[in-house]
Visitor: 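Take a look at this one; I'll ask things after.
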Amino acid sequence: MSILDSAKQAMMGAIVRLTPDAPPDPLIGRHGAVGSQLSRIDGPLKVAGKARFAAEVPYDDLLFAAVLFSRVARGRITSLDTSGAKAAPGVALVMTYQNAPRMGAPKIMGESPMAGGPSNLPVMQDDRIHWNGQPVAVVLAETQEQADYAKSLIRIAYEVEPAITSFEAAKAHAHPPESVLGEPPALETGDAEAALAEAAFRVDNLYRTPRHNHNAIELHAVTVVWDDGSLTIHDASQMVHQTAWTIADMFGIGEDKVRVISPFVGGGFGGKCMWYHQVLAAAASKLAERPVRLVLSREGVFRSVGGRTCTEQRVALGAKADGTLAALIHTGVVAMTTHNSCPEQFSFPARHLYAADAIKLAQEVADMDMLANTFMRAPGESVGTFALESAIDELAIAMNIDPIELRRRCEPEKDPTSGAEFSSRHIIEAYRRGGERFGWHRRNPVPRSTRDGEWLIGHGVATATYPYYRMPGAGARITLSADGHALVQIATHEMGMGTATVQVQHAADRLGLPIHQVSFEYGDTTLPMGTIAGGSNQTASVVAAVRAASDALFDELLRLAGNSSPLAGLKADELEARDGGLVSMQDPTRAENYAAILKRAGRDELAIEASAPPPIEVQKYSMHSYGAQFCEVRVNETTGETRVSRFVGSFDTGRILNPKTAASQFRGGIIMGLGLALTEETMFDERTGRIMNPSLAEYHVPVHLDVPHIEVIWNDIPDPHSPLGLHGIGEIGITGVGAAVANAIFNATGKRIRELPITLDKLL
Ligand code: MOS
């Protein structure tokens with residue numbers, strides 16, 4: 001198997017179901033550094049401006065890149081005039097398909113082929129245009145301004161071919177995708193349509209969500225340098241190894257010839273993976289024989305980095321008189337391209353959330369000529385929960401029961417579609433705690449019943465859910481020094497969420513060392529392979545790898561300790577790590593610290609590398625995170641303006657490793673959810689396939705004044721079947737927010753809005 005195949009398998013492994021059971025982690029119940037409010041260890045570097053991001057790495061002789069994007073959606077380039085650009089001041093190179101180095105098609109691009117998709121498009125290898133915004137030329141110059149100016153002098157003519165740029169037109173040819181993240185695109189238990197037709201209460205509606213684009217504050221950027229056939233890429237990356245392998249494969253060089261370094265990432269959310277800019281920078285640098293910096297403009301990110309696709313979803317619910325579900329139907333269609341594999345799994349929440357006599361789920365895709373869409377924070381779940389959780393609210397209103405009570409009655413005992421046991425599901429407890437904090441019992445269920453002058457006030461609730469993933473193949477190296485210091489190394493990623501901080505906390509407890517005796521290195525392909533930072537899997541995957549390495553380390557320490565140690569004759573599972581050494585759990589007088597063991601063995605240090613066991617837990621259990629999102633809105637009766645005035649997120653995500661970093665993850669997700677609910681929308685010109693609002697001035701993400709105080713609380717009940725009892729928390733926060741806001745707006749105004757974003761025109 002090639003390393004790319006194994007990378008692909010590793011990434012798919014999150015979704016592939018593997019086999020049997022794992023013993024619980026002995027650290028699950030222990031409280032030490034894990035669980036403490038440690039501030040981010042990279043914080044001081046960042047506030048002092050000392051954290052060096054990809055676009056800040058200095059090189060002598062650096063060239064700056066500007067990228068030109070096509071203005072047509074489909075066709076071919078018929079003429080290219082780059083003479084003006086080449087003659088412009090400071091220009092070192094103009095690269096087009098005519099002079100770009102020959103490169104194989106990327107095995108990984110956007111999300112593809114992580115879910116086993118069709119092959120990707122080649123990058124700047126021919127005259128074909130596949131989407132409006134495709135990179136068609138790269139200019140290198142001595143300064144960024146010179147590159148940008150020279151780019152404006154390039155003249156290109158196109159032969160335009162008919163393109164499918166209208167979702168309406170594309171839907172006429174919608175078809176099921178080969179798979180949805182490795183799962184069949186449709187699933188049915190019982191006859192859901194018949195059960196719906198006979199149900200005592202029914203709701204059956206269409207919900208629409210728009211395209212969204214990635215807008216991390218840090219623009220996509222690389223600084224690259226070739227040195228004697230080896231390539232170094234300073235990237236802003238969620239997947240350093242996969243990027244290195246992909247580039248090596250494209251250039252036909254050994255994987256050991258490409259190093260990707262990414263110590264800091266200014267926001268990722270699924271967008272900072274493998275896209276065109278890394279390849280173009282490497283290719284142009286190769287031609288120019290000089291280091292190159294390529295920072296996409298904000299517009300460039302919109303044109304050449306995929307975002308969340310649009311969806312049209314039907315949710316139909318049929319309830320019996322006792323408030324349990326007879327039928328649950330969630331079907332729909334999303335826009336996609338033929339060359340990627342991200343069908344936005346909006347139907348996934350309905351697989352796990354509610355018990356129903358009959359369930360029917362199905363996804364279709366409509367192929368369009370557009371930039372490949374990709375993962376964006378809780379792909380599928382964020383927009384899927386908007387539809388499903390709006391529909392649950394509509395059903396509760398139709399039945400005249402409280403929406404939390406309806407959810408309680410539909411709570412399943414086992415996973416409703418797979419039949420598996422839940423590993424850890426305390427969703428009703430999250431509702432109870434959240435409801436108490438929010439004051440849900442004070443809510444008036446009658447729409448338009450609460451007002452403050454011209455402001456109508458409403459309250460809504462919705463369920464959050466996101467799967468637990470852990471990816472196989474993660475390895476870690478631990479180096480223990482004779483001075484009692486431990487260095488933990490794994491090529492994982494820090495996008496600002498606190499990876500390094502919680503992993504130091506974890507390693508400190510795992511090794512029985514104080515926090516200041518542990519350091520953590522990551523974000524570099526010279527380190528043991530970690531996992532991609534995606535699918536909220538990273539923390540569990542890294543914890544499992546570090547645990548494997550520490551187990552191996554303890555075995556080796558025991559061997560080194562030998563017969564004259566107080567530990568002689570003990571086995572690793574009879575020991576715990578504490579106070580800088582190993583201690584017998586039976587007899588605490590039998591103990592020896594690491595420094596003494598190494599000294600007697602005549603060693604300055606001991607380094608051990610090991611890989612995490614495969615994620616067998618997801619084979620046996622249905623594993624998900626949950627939450628209850630409570631929202632208060634004020635809607636202006638005159639202007640239609642909606643202000644979110646209060647928000648409580650109550651989560652059930654296993655054990656929380658660091659309350660401070662966790663709270664920020666939850667809040668960040670909820671804030672992104674407020675954007676999804678009220679403002680974010682990529683304007684796509686259906687005539688030309690061109691994105692019309694490629695800037696933060698016209699694409700509206702929430703700003704501070706849009707965000708109220710957000711309270712976040714959590715059950716903190718460990719999952720007995722996951723490393724450290726944890727679930728990932730990077731994506732759960734955005735899920736359910738769209739519906740919580742829409743449900744609150746209904747309670748305020750009596751208007752049910754089924755199309756995001758809920759802008760004021762829809763409320764007048
Ligand atoms: Mo996330 S969309 O898996 O970075």
Side-chain angles (χ1 to χ4, degrees), residues 7 10-15 108-115 180-182 209 211-218 220 235-243 262 265-275 301 305-309 311 334 340-346 348-349 372-385 464-471 474 492-499 523 530-542 615 618 623-625 653 664-666 668-673 675-676 680 727-735 737-738:
M11 287 185 285
M12 286 177 66
I15 309 136
I108 298 173
M109 182 62 89
E111 85 304 335
S112 181
M114 283 162 62
V180 180
L181 296 190
T209 64
R211 291 175 168 79
H212 294 144
N213 268 85
H214 280 288
N215 275 293
I217 290 304
E218 179 201 25
H220 289 61
D235 196 4
S237 178
Q238 296 179 234
M239 41 182 258
V240 288
H241 270 107
Q242 292 76 5
T243 299
S262 186
V265 183
F269 313 107
K272 294 265 174 70
C273 290
M274 180 71 214
W275 288 95
V301 177
V305 174
R308 197 194 303 283
T309 194
T311 76
V334 309
N340 82 340
S341 51
C342 184
E344 194 76 30
Q345 65 276 20
F346 64 79
F348 275 22
N373 61 293
T374 194
F375 297 151
M376 184 162 165
R377 206 173 201 167
E381 281 81 7
S382 57
V383 289
T385 52
T465 183
Y466 190 79
Y468 163 92
Y469 292 125
R470 182 164 75 79
M471 300 197 187
T492 187
H493 310 85
E494 173 65 90
M495 304 188 284
M497 69 287 219
T499 305
T531 68
I532 68 162
S536 300
N537 97 100
Q538 187 172 256
T539 305
S541 299
V542 173
V618 298
M623 298 180 77
H624 304 269
S625 286
T653 56
S664 294
Q665 283 280 69
F666 290 135
I670 290 167
I671 292 167
M672 210 159 156
L676 170 141
E680 283 196 52
H727 285 186
I729 55 172
E731 289 163 275
I732 179 83
I734 190 175
T735 69
V737 178

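Remember, it's 1-based here, ligands and their atoms both numbered in the order they're listed.
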Visitor: Decide whether Y466 and E381 meet the rule of one side-chain donor and one side-chain acceptor closer than 3.5 Å.
Guide: no
Visitor: When rounded to the nearest 0.5 angstrom, what distance separates CE in M495 from OG in S237?
Guide: 9.5 Å
Visitor: Would you say the rings of Y468 and H624 are close, in the sense that their centroids are separated by under 6.0 Å?
Guide: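 Between H624 and Y468, the centre distance exceeds or equals 6.0 Å.
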Visitor: Is it the case that the side chains of T385 and T735 hold a donor-acceptor pair, with the cut-off being a distance below 3.5 Å and no angle test?
Guide: no
Visitor: If you round to the nearest 0.5 Å, how far is CZ of R308 from CD of E344?
Guide: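 Answer rounded to 0.5 Å: 5.5 Å.
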Visitor: Between M672 and M376, is there a side-chain heavy-atom distance shorter than 4.5 Å?
Guide: yes
Visitor: Check ligand 1 for close polar pairs with the protein: N or O on both sides, less than 3.5 Å.
Guide:
from	atom 1	to	atom 2	distance (Å)
ligand 1	3 (O)	G535	N	2.6
ligand 1	3 (O)	E731	OE2	3.2
ligand 1	4 (O)	Q238	NE2	2.9
ligand 1	4 (O)	G270	N	2.8

